[in-house]
2 protein chains.
Amino acid sequence: MPRLWSETIDAHRREVRDAILDTTARLAAEHGVLSVTMSQIAERTGIGRATLYKYFPDVEAILFAWHERQIASHLELLAQVRDQADDAGTRLEAVLKAYAMIHHQRVRHHQHKHHGAELASFLHQDKHIAAAQQQVHSMISELLTAVADAGDLRDDVPPHELATYCLHALDAASTLPSKAAVGRLVTVVLTALRPRP
Amino acid sequence: MPRLWSETIDAHRREVRDAILDTTARLAAEHGVLSVTMSQIAERTGIGRATLYKYFPDVEAILFAWHERQIASHLELLAQVRDQADDAGTRLEAVLKAYAMIHHQRVRHHQHKHHGAELASFLHQDKHIAAAQQQVHSMISELLTAVADAGDLRDDVPPHELATYCLHALDAASTLPSKAAVGRLVTVVLTALRPRP
């Protein structure tokens, strides 16, 4: 069945929007957030300046939209990983591993580019970060509570505090040099969650 | 024995400098980094504007000097805590506890003030932070190596990776609501360091 005209338009708009986001993030990482102009973005995306302004008012708005898309895809990935496993313990381990890997890859990706640190610092202002972190914290608290119900969690610290511990400890993945080291970090973090002997 | 005139001058200069740092940090936390002026600082410190300019060229320089003094005093505290304990394990535990408490109190102190977050974000640019973090990381790596030599450390992860883990995990202290919760965090972090059964 052919797509409705409105669906075709919607799909086209999404593709253009995605292309704008990708181009802008690349330009910002290569040349620095402050040096990117709307004209450069239009040219590199292969659209007119007037078209670009129909999508976004300025470079800042594009970068925040790009970041929002990144955050949404990370949250989606964590939910997928969680739902692929069966028991609570396996789910927790899979989600913590995926969270650590996201952190590891994102920061290494930024570091490879010249102005990655500047971009990271700019995006750090994003109000969406706090909300996303809260969502991940809730997800991990729930998983920990499920592991506790199965009797496989230490019982001297409440699950929401253990979730805070997990997230901060796994942030270390951003400074580790290899995936093997990230794997060891996840093992270390999990050790501390086990019931006391 | 009376102090030499030059010693008296030095002591006086240090006192004035410390007073300027304290006043500026308080003003910045209360009214925001951007709204503090050199005139306000001079007035609240009880010195003339001309005198103030003999010490510092601008507000930014004062805030960075204040921050440098904070960092130095934290490093000193950690070294003191380390040297008060005898065996490697007790030293490690004492240093990790002190590090977590510094983190907990600093951030809570900032949050109590209206513009604390802004001040924290401004100071985050400080180049001294990376060097100080490197120093703390070295100190904890050395303590972990000593614990490993005593046979009391897990042997599947190198001490420098465990140090990275400790520092990131203990950063969680900044978001915990009470000293009791910080104590539980330190216990959790330490659990993961023990030799595997």
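Here is the naming used below: chain letters follow the sequence lines, and residue numbers restart at 1 for every chain. Reckoned from all heavy atoms, side chains included, excluding hydrogens, waters and symmetry mates.
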Review point. About how many Å separate OG1 of B/Thr187 and CZ of A/Arg154, when rounded to the nearest 0.5 Å?
Key: 7.0 Å
Study note, to complete from the structure: dist A/His168:NE2 -> B/Leu167:CG (nearest 0.5 Å) comes out at 12.5 Å
Review point. Which one, B/Val157, B/Leu185, B/Val188, leads in non-hydrogen pairs under 4.5 Å with chain A?
Key: B/Val188
Review point. Atom OG1 of B/Thr175 and atom CD of A/Gln133: how far apart are they, to the nearest 0.5 Å?
Key: 10.0 Å
Practice item. Give, for atom CG of B/Asp156 and atom OG1 of A/Thr191, the distance between the pair rounded to the nearest 0.5 Å. Key: 7.5 Å
Point to revise | A/Asp58 atom CG, neighbour heavy-atom count above 12 within 6.0 Å | key: yes
Check your understanding: Which one of B/Cys166, B/Pro158, B/Ala172, B/Ala181 has the most heavy-atom pairs closer than 4.5 Å to chain A?
Key -> B/Ala172
Point to revise | Side chain, backbone, both or neither of A/Leu162 within contact of chain B (heavy atoms, under 4.5 Å) | key: side chain
Practice item. Could you tell me whether A/Glu43 atom CD has more than 12 heavy atoms of other residues or ligands within 6.0 Å of it? Key: no
**Study point:** From OH (A/Tyr165) to CG (B/Leu170), nearest 0.5 Å
**Key:** 9.5 Å
